[in-house]
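Beneath this line is the structure, given in structure tokens, with notes to follow.
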Amino acid sequence: MNVVNDHLDILQNIEFAIVAMYKARPELRDPDVILALEKLIAQYTREKKKLPTLPVTLPEKSMVVFQAIREACELRMDKNATDMVSDESGLYRLPLRLMIPCLDRLLKSANNWYKRDGQRGYLTFISPFI
């Protein structure tokens with residue numbers, strides 16, 4: 001599965017949420033986003049394995065990003081589905097098992113741009129596209 005080709009609109013929806021938080025809170029940095037993505041991936045992975053979810057404890061900036069990303073994911077996810085499904089508006093929704101690789105891909109990108117260009121490498125890279 002090529003996440004970028006198969007689910008580009010989902011990735012864009014999530015990145016839109018990240019950029020919206022960055023525009024509202026310009027003090028955000030890549031580590032805030034990376035931590036939020038890691039925590040949400042861990043939470044969804046536990047949910048996929050039918051394990052109880054743990055309370056999320058994050059620094060305030062990461063928590064704001066975490067909540068925005070989670071809201072974007074929840075809008076585009078059908079946790080009861082086993083495969084992609086379309087809703088009444090024609091928008092497709094992913095099952096949980098396919099949302100996790102989307103988040104993994106964004107985490108990989110965030111880490112790459114952070115290492116390459118510093119504290120706001122990822123945020124600076126994605127902002128013009130949104």
Side-chain angles (χ1 to χ4, degrees):
M1 168 176 75
N2 184 325
V3 173
V4 174
N5 289 339
D6 295 346
H7 307 299
L8 183 60
D9 61 326
I10 302 282
L11 298 174
Q12 288 173 333
N13 288 161
I14 298 168
E15 285 187 327
F16 179 84
I18 294 168
V19 170
M21 286 298 101
Y22 180 45
K23 287 180 179 178
R25 307 200 49 172
E27 71 275 11
L28 288 176
R29 300 189 186 292
D30 289 358
D32 303 317
V33 175
I34 290 167
L35 188 56
L37 284 165
E38 289 171 343
K39 198 63 115 169
L40 188 56
I41 291 167
Q43 188 178 58
Y44 281 158
T45 300
R46 287 186 64 81
E47 196 172 323
K48 179 182 166 190
K49 293 178 180 180
K50 308 285 189 229
L51 297 171
T53 56
L54 301 174
V56 176
T57 312
L58 289 168
E60 191 259 336
K61 290 187 285 184
S62 291
M63 183 58 92
V64 169
V65 177
F66 172 89
Q67 291 169 337
I69 295 170
R70 185 177 61 197
E71 286 175 22
C73 289
E74 297 289 328
L75 286 172
R76 296 301 305 268
M77 189 167 33
D78 183 341
K79 293 180 182 178
N80 298 319
T82 56
D83 209 352
M84 289 189 301
V85 294
S86 291
D87 65 13
E88 55 279 351
S89 69
L91 199 63
Y92 77 90
R93 298 178 182 275
L94 294 180
L96 179 60
R97 70 177 180 81
L98 294 178
M99 185 60 76
I100 294 169
C102 289
L103 293 169
D104 281 333
R105 180 63 186 95
L106 293 177
L107 177 60
K108 182 179 176 183
S109 178
N111 277 314
N112 175 56
W113 286 102
Y114 172 59
K115 288 176 188 169
R116 179 178 165 177
D117 291 335
Q119 290 292 313
R120 291 194 176 101
Y122 176 64
L123 292 165
T124 301
F125 172 71
I126 65 171
S127 291
F129 298 104
I130 306 298

Evaluation steps, side-chain contact (heavy atoms from CB on, under 4.5 Å), between Glu47 and Lys79: CA-CA 10 Å; Glu47 196 172 323; Lys79 293 180 182 178; 2.9 Å; yes
Rounded distance (nearest 0.5 Å) linking atom CG of Leu96 with atom NZ of Lys49: 12.0 Å
Note, Pro95 side chain near Asp78 side chain (heavy atom, < 4.5 Å): no
Spacing of CZ belonging to Arg120 relative to CZ belonging to Arg29, to within rounding of 0.5 Å: 4.0 Å
Check: Arg105 main-chain N/O paired with Ser109 side-chain donor or acceptor under 3.5 Å: no
Asn111 (side chain) donor-acceptor with Leu107 (main chain) under 3.5 angstrom: yes
Close side-chain approach of Tyr44 and Met77, heavy atoms under 4.5 Å: yes
Short N-O contact, Asp9 and Arg76, less than 4.0 angstrom: yes
Closest non-hydrogen atom pair, Ala72 against Asn13: CB-O, 4.0 Å
Heavy atoms from other residues, nucleotides or ligands near OH of Tyr92 exceed 12 (cutoff 6.0 Å): yes
Closest non-hydrogen atom pair between Ser62 and Ala36, with its separation: O-CB, 3.5 Å
Hydrophobic cluster membership, Ile18 vs Leu75, 4.5 Å side-chain cutoff: no
Stepwise side-chain contact (heavy atoms from CB on, under 4.5 Å) test for Glu15 and Phe129: CA-CA 9 Å; Glu15 285 187 327; Phe129 298 104; over 6 Å; no
Any donor-acceptor pair under 3.5 Å from Arg116 side chain to Tyr122 backbone: no
Presence of salt bridge, Glu74 and Arg93, under 4.0 angstrom: no
Gln43 and Phe66: CA distance, side-chain angles, deciding distance, side-chain contact (heavy atoms from CB on, under 4.5 Å) verdict: CA-CA 11 Å; Gln43 188 178 58; Phe66 172 89; 3.4 Å; yes
Pairwise distance OG1(Thr124) to CG(Asp117) - rounded to 0.5 angstrom: 8.0 Å
Check: Glu60 and Asp32 side chains under 4.5 Å, non-hydrogen atoms: no
Test log, rule side-chain contact (heavy atoms from CB on, under 4.5 Å), inputs Ile34 and Glu38: CA-CA 6 Å; Ile34 290 167; Glu38 289 171 343; 3.6 Å; yes
Co-membership, hydrophobic cluster, residues Met99 and Val4, 4.5 Å side-chain: yes
Polar side-chain atom of Asp30 near backbone of Leu123 as donor-acceptor pair, under 3.5 Å: yes
Heavy atoms from other residues, nucleotides or ligands near NZ of Lys115 exceed 12 (cutoff 6.0 Å): no
Gap separating the CD1 atom of Ile10 from the CG atom of Leu91, nearest 0.5 angstrom: 7.0 Å
Nearest-0.5 Å distance, NZ of residue Lys61 to CZ of residue Arg25: 7.5 Å
Point-to-point distance, once rounded to the nearest 0.5 Å, from NZ of Lys39 to CG of Leu54: 8.0 Å
Side-chain heavy atoms of Ile14 within contact of Leu103, under 4.5 Å: yes
